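In what follows, residues are counted from 1 in the order of the sequence shown. Just so you know, these numbers come straight off a predicted model, no measurement behind them. All values below were derived from every heavy atom in this structure, side-chain atoms included, with hydrogens, water molecules and symmetry-related copies excluded.
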Amino acid sequence: NKVVEIGMNIMAAPPVICTTSPKGDLVIMTQNMKQLTEYEEKQFLIILYPYIDNCKFIDDASVKTAGGAHCTYWEIDGVEHLTHIVMDKHGIIYFTTGESVYRIMKAEGDMYLDNYEDIFTPSNDTSHITCLWRQDNNIFLTIQDWDNEEALDVYKIRPPKDKGVSTPDSPTGSRGSR
């Protein structure tokens with residue numbers, strides 16, 4: 001791990017994006033260089049803190065707070081950028097690459113699914129997602145078209161009917177240990 005070394009504070013290693021839920025959960029996204037056999041590959045980690053604390057890597061398969069509590073995390077591979085991250089009132093985590101919006105659903109209780117799913121991609125090749133945010137317990141995104149930059153469209157994301165509690169058969173993504 002080239003960006004965040006053992007014992008180092010994750011939030012001190014740029015780039016990092018942080019957000020909180022209406023309940024006070026803390027979610028961070030950090031960029032990492034994943035060491036493979038012959039080369040390094042960019043990877044993003046989304047980490048859910050059980051409470052606000054420093055976070056450190058213990059080894060390649062475990063993330064804990066400085067106080068020793070395990071953190072749930074997801075490895076996001078194969079994307080060039082993660083630009084925004086937000087958590088809704090149900091605890092569903094949303095993030096965007098600028099080209100798509102993804103969602104991490106909850107399972108029963110405080111458990112999360114291992115996977116994330118692509119829930120929205122603009123319909124034409126010249127549009128991109130410029131912002132994703134929570135306002136008054138609602139999630140919004142903006143879309144801008146490169147061919148018409150003065151026009152900015154705002155959309156509200158509707159939460160799933162099951163309020164984010166789902167089953168573990170989502171198509172993509174990978175989550176680390178608890």
Side-chain angles (χ1 to χ4, degrees), residues 9-12 14-31 44-55 63 65 69-76 79-124 126-168 170-173 175-176 178:
N9 181 348
I10 271 181
M11 298 225 267
V16 172
I17 299 173
C18 300
T19 189
T20 58
S21 74
K23 298 185 304 183
D25 299 311
L26 178 66
V27 179
I28 69 163
M29 181 282 302
T30 187
Q31 183 177 318
F44 293 92
L45 297 176
I46 295 176
I47 304 169
L48 175 62
Y49 281 71
Y51 49 86
I52 296 176
D53 193 359
N54 286 334
C55 191
V63 177
T65 66
H70 285 272
C71 297
T72 301
Y73 71 96
W74 295 265
E75 297 174 340
I76 312 299
V79 297
E80 187 62 28
H81 306 284
L82 284 187
T83 59
H84 297 84
I85 185 168
V86 66
M87 183 184 255
D88 75 5
K89 66 183 177 182
H90 304 295
I92 302 169
I93 300 168
Y94 299 88
F95 61 96
T96 182
T97 61
E99 296 174 359
S100 292
V101 175
Y102 297 87
R103 170 173 63 201
I104 300 172
M105 301 280 281
K106 292 185 82 169
E108 296 296 322
D110 288 333
M111 303 291 287
Y112 279 82
L113 297 181
D114 293 345
N115 305 316
Y116 53 90
E117 61 181 333
D118 185 342
I119 62 166
F120 176 77
T121 301
S123 60
N124 73 38
T126 60
S127 292
H128 60 285
I129 299 160
T130 58
C131 196
L132 178 71
W133 75 97
R134 183 186 76 239
Q135 180 177 335
D136 296 329
N137 290 328
N138 294 305
I139 305 297
F140 296 93
L141 64 99
T142 56
I143 297 177
Q144 188 174 34
D145 191 317
W146 291 114
D147 295 335
N148 187 12
E149 290 188 10
E150 57 277 349
L152 192 64
D153 297 323
V154 178
Y155 295 90
K156 179 180 174 183
I157 297 176
R158 293 183 183 162
K161 291 181 181 177
D162 61 6
K163 294 189 173 40
V165 177
S166 189
T167 57
S170 194
T172 60
R175 186 195 69 194
R178 298 199 143 264

Worksheet entry | Check against side chain to side chain contact (heavy atoms under 4.5 Å, CB included), Val79 and His81 | CA-CA 6 Å; Val79 297; His81 306 284; over 6 Å; no
Worksheet item: Under 4.5 Å between any side-chain heavy atoms of Arg134 and Ile139, yes or no?
Response: yes
Practice prompt. State which residues pass ring pair (Phe, Tyr, Trp, His ring centres under 6.0 Å) with His128; sequence neighbours excluded, sorted by chain then number.
Written response: Trp146
Discussion item. Can you list everything that forms a side-chain contact (heavy atoms from CB on, under 4.5 Å) with Ile119? Sequence neighbours excluded, please.
Written reply: Tyr94, Val101, Arg103, Glu117, Ile157
Practice prompt. Have a look at Ile28 and tell me which of Leu45, Ile47, Leu48 forms a side chain to side chain contact (heavy atoms under 4.5 Å, CB included) with it.
Written response: Ile47
Worksheet item: Quick one: does Leu82's side chain get under 4.5 Å of Ile17's, heavy atoms only?
Response: no
Worksheet entry | For Asp136, all residues meeting side-chain contact (heavy atoms from CB on, under 4.5 Å), sequence neighbours excluded | none
Worksheet item: How would you list, by chain and number, every residue that makes a ring pair (Phe, Tyr, Trp, His ring centres under 6.0 Å) with Phe95, sequence neighbours excluded?
Response: Tyr102, Tyr116
Discussion item. My understanding is that only residues two or more places apart in sequence, or in another chain, count here; which of them pass side-chain hydrogen bond (donor to acceptor under 3.5 Å, both in side chains) with Thr130?
Written reply: Thr142
Practice prompt. Mind checking side-chain hydrogen bond (donor to acceptor under 3.5 Å, both in side chains) for Thr126 and listing every partner two or more places apart, or none if nothing turns up?
Written response: Asn124, Asp145
Worksheet item: Mind checking what makes ring pair (Phe, Tyr, Trp, His ring centres under 6.0 Å) contact with Phe120, not counting sequence neighbours?
Response: none
Worksheet entry | Spacing of Met29 atom CE and Thr19 atom OG1 [to the nearest 0.5 Å] | 11.5 Å
Worksheet item: In Å, rounded to the nearest 0.5 Å, how long is the span from CD1 of Ile92 to NZ of Lys106?
Response: 9.0 Å
Worksheet entry | side-chain contact (heavy atoms from CB on, under 4.5 Å) against Gln135, all qualifying residues, sequence neighbours excluded | Trp133, Phe140
Worksheet item: Within a reach of under 6.0 Å around CD of Gln144, are more than 12 heavy atoms found that belong to other residues, nucleotides or ligands?
Response: yes
Discussion item. Restricting to side-chain contact (heavy atoms from CB on, under 4.5 Å), what partner residues turn up for Tyr155, sequence neighbours left out?
Written reply: Leu141, Ile143, Asp153
Worksheet item: Listed by chain and number, what are the salt bridge (Lys or Arg N to Asp or Glu O under 4.0 Å) partners of Glu149, not counting sequence neighbours?
Response: none
